[in-house]
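Below is one structure; the comments refer to it alone.
Whatever order the structure lists ligands and atoms in, that order sets their numbers, starting from 1.
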Amino acid sequence: MSKKIKLGLFGFGCVGQGLYNVLNQTEGIKAEILKICIKNADKKRALPAEYFTVEKNEILFNDDINVVVEMIDDAEAAFEIVKTALQNGKAVVTANKKMIADHFVELYELQQQYNVPLLYEASACASIPIIRNLEEYYDNDLLGAVEGIFNGSTNYILTKIFKDNIDFATALKQAQDIGFAETDPTLDVEAYDPKYKLCIILAHTFGLFVKPEEVFNYGIQNLSTFDIQYANEKGYKIKLVAFCRKVDNKIVAGVLPRFIKPENKLYNIENEYNGILVESAFTESQFFAGKGAGSNPTGSAVLSDISALTYNYKYEYKKHNRGAKVELTDNFSVDLYVRYSTANPIDTKLFSKIKESYANTDSAYVVGTINFSDLRKSDLLKRKDINLIVAADSKFEAIQNNVASSKEAVEIC
Ligand SMILES: NC(=O)C1=CN([C@@H]2O[C@H](COP(=O)(O)OP(=O)(O)OC[C@H]3O[C@@H](n4cnc5c(N)ncnc54)[C@H](O)[C@@H]3O)[C@@H](O)[C@H]2O)C=CC1
Ligand SMILES: N[C@@H](CC=O)C(=O)O
């Protein structure tokens, strides 16, 4: 795109205002905001009224606007906006991971059909430039795993709980007030938001398009003081970790809380920061960290995409287009801590090996090896008196034989 960038924005909330700020302060890029489509016309805003409209077609069918930037909090409305913009030959930049994950294949096809770029660096871990790195830097490397902290709000909450002794509800309220949390914060707390980001990462890491429903997510909604005490006694922190990893030529993926030891790079990733570990055959291991939520950091990722459009950058979905033949599997084992109430014991036959167990009058836990596929079918996931946390040194082992191995007796001490 050699001509000057004329922007039409959708949404002027946390990210929209961040983009406005960074555009005003940056040097070099020639981009001008022509119109901003908002939902609520009555809100007081710092810009002159002529910038704003509530009529989306004033942007979507405006011939002077060549780039649409979508930053609203409604995934379905966002999809309609993005689809129409692409169909009208307008390049699109979006921060909306839910919209992308829910409509990934349609969005991929729209880009091919209309030959217009759709860029979304801000959608996965905000200011960390992970998508373009997976596409470009790791073009010819052999990626083995990408995992890390993909959600700023839950990391902020966990940091406040572990470092500042602030309770969950207060920390969540703070994350909402600063603008880190989604409009529906259960998307953060129950790990849907990092799962949407993981769906995006999976496409650019392994060439795999998956529906969000196919990917497992378990958040920090059931975290109790018992779990926090257990972590503190062991010298661990708890972090919500998204992972995708090639195991025996299949891909294991999901989001679950994990106990993190001090020597793990994720241990010192605090507040709204995210951290991403990339493992590949040639680089072996690399680590990226940066702000994963917030107004200017996310605005900066959007700005970077707008800038990339000036040199005609588009995603080529290289791993997918090379014909990557990989699929998701649940057939792997993981070491899991399961905390439950003694009044309602769990079926310990689910574990092929129990490594640790404990019970007091109210609460009990076991740490043991569990088949992920059995876990997904079990009633453990529905119970509110239970919390699941991946053990600190757990590996993802492929299960060669699906027949449950002999169960070891549980010793409650
Ligand atoms: N807040 C953050 O740190 C980050 C947010 N994102 C994503 O960016 C998007 C925007 O997030 P925020 O700015 O935080 O949300 P926000 O709630 O602060 O702002 C969204 C704005 O969009 C407006 N809106 C809703 N529907 C609309 C429509 N049909 N037309 C025009 N305006 C409409 C709302 O009234 C609101 O003002 C979301 O998809 C979010 O997941 C991505 C990375 C980081
Ligand atoms: N709600 C999200 C915002 C950024 O993607 C988060 O907390 O990470």
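- A cation-pi contact, defined as under 6.0 Å to the ring centre and within 45° of the axis, is absent between R339 and Y230.
- Atom CZ of F287 sits in a crowded spot, with more than 12 heavy atoms from other residues, nucleotides or ligands closer than 6.0 Å.
- Residues Y138 and S280 share a closest heavy-atom pair of CE2-OG, 4.0 Å.
- Against a heavy-atom cut-off of under 4.0 Å, K197 is close to the following atoms of ligand 2: 2 (C), 4 (C), 5 (O), 6 (C), 8 (O).
- Closest heavy-atom approach to atom 6 (C) of ligand 2 within the set D73, T154, N151, V189: this belongs to N151.
- The contact set between ligand 1 and G13, taken as ligand atoms under 4.0 Å from a residue heavy atom, comprises 13 (O), 18 (O), 19 (O).
- Ring geometry for Y317 against Y108 counts as perpendicular: the plane angle is over 60°, on a 0 to 90° scale with 30° as the lower cut.
- Residue K97 places at least one N or O, backbone or side chain, under 3.5 Å from an N or O of ligand 1.
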> Can you list the steps and then say if Y236 with Y267 is a ring pair (Phe, Tyr, Trp, His ring centres under 6.0 Å)?
Replying inline: CA-CA 8 Å; Y236 301 155; Y267 187 88; 9.1 Å; no
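- For OH of Y218, the number of neighbouring non-hydrogen atoms (other residues, nucleotides, ligands) closer than 6.0 Å is greater than 12.
- When the shell of 6.0 Å around NZ of K173 is examined, it contains 12 or fewer heavy atoms from other residues, nucleotides or ligands.
- Of the heavy atoms in A122, only backbone atoms (N, CA, C, O) come closer than 4.0 Å to ligand 1.
- In this structure, atom 37 (O) of ligand 1 lies nearest to the protein heavy atom K43 NZ, 3.8 Å.
- For the pair R132 and Y137, the NZ or CZ position fails the cation-pi test of under 6.0 Å to the six-membered ring centre and within 45 degrees of the ring normal.
- Taking 4.5 Å as the limit, every side-chain heavy atom of V247 sits out of range of all side-chain heavy atoms of E397.
- Both the backbone and the side chain of K39 come within 4.0 Å of ligand 1, counting heavy atoms alone.
- Annotation for ligand 2: atoms under 4.0 Å from non-hydrogen atoms of E182 are 1 (N), 2 (C), 3 (C).
- Nearest protein heavy-atom contact of atom 5 (O) of ligand 2 is K97 NZ, 2.6 Å.
- Against a heavy-atom cut-off of under 4.0 Å, C37 is close to the following atoms of ligand 1: 31 (C), 32 (N).
- A distance below 6.0 Å separates the ring centres of Y337 and F259.
- Two rings, from F52 and F12, have their centers less than 6.0 Å apart.
- Atoms of ligand 1 lying under 4.0 Å from at least one heavy atom of M71, given by number and element, are 10 (C), 20 (C).
- Side-chain contact, N331 with T329: no donor N or O sits under 3.5 Å from an acceptor N or O.
- The two atoms that bring N268 and K237 nearest to each other are OD1-NZ, 4.1 Å, heavy atoms only.
- In this structure, atom 7 (C) of ligand 1 lies nearest to the protein heavy atom A95 O, 3.4 Å.
- The distance from ligand 1 to the heavy atoms of A293 drops below 4.0 Å at these ligand atoms: 3 (O).
- Those atoms of ligand 1 with a heavy atom of G179 less than 4.0 angstrom away are 1 (N), 2 (C), 3 (O).
- Polar contact with ligand 1: present for C14 (N/O pair, distance under 3.5 Å).
- Scanning the protein for heavy atoms near atom 44 (C) of ligand 1, the closest one is T298 OG1, 3.3 Å.
- Shortest contact from atom 3 (C) of ligand 2 to any protein heavy atom: F180 O, 3.2 Å.
- Taking every non-hydrogen atom of D188 and a distance limit under 4.0 Å, the qualifying atoms of ligand 2 come out as 1 (N), 2 (C), 6 (C), 7 (O).
- Checked against a 3.5 angstrom limit, the closest N/O atoms of G294 and ligand 1 fall inside it.
- The residue from I36, N96, I72 that puts a heavy atom closest to atom 9 (C) of ligand 1 is I72.
- Interatomic distance, T53 OG1 to L34 CG, rounded to the nearest 0.5 Å: 12.5 Å.
- For atom 34 (C) of ligand 1, the closest non-hydrogen atom of the protein is D73 OD1, 3.7 Å.
- Contacts between K56 and ligand 1 below 4.0 angstrom, taking non-hydrogen atoms only, are absent altogether.
- For ligand 1, none of its N or O atoms has an N or O atom of G292 under 3.5 Å away.
- Applying the 4.0 Å criterion to heavy atoms of G152 picks out, from ligand 2, the atoms 6 (C), 7 (O), 8 (O).
- Atom NZ of K211 has 12 or fewer heavy atoms from other residues, nucleotides or ligands within 6.0 Å.
- If you look at E182 next to ligand 1, the close heavy atoms, those under 4.0 Å, all belong to the side chain.
- Heavy atoms of T183 found under 4.0 angstrom from ligand 1 belong exclusively to the side chain.
- Annotation: V15 places an N or O atom under 3.5 Å from an N or O atom of ligand 1; distance criterion only.
- Regarding atom 7 (O) of ligand 2, its nearest protein heavy-atom neighbour is S153 OG, 2.6 Å.
- F209 and H320 have perpendicular rings, their planes meeting at more than 60° on a 0 to 90° scale where under 30° would count as parallel.
- Interface atoms of ligand 2 facing G292, defined by a heavy-atom separation under 4.0 Å, are 4 (C), 5 (O), 8 (O).
- Counting non-hydrogen atoms of neighbouring residues, nucleotides and ligands closer than 6.0 angstrom, the CD atom of E263 exceeds 12 such neighbours.
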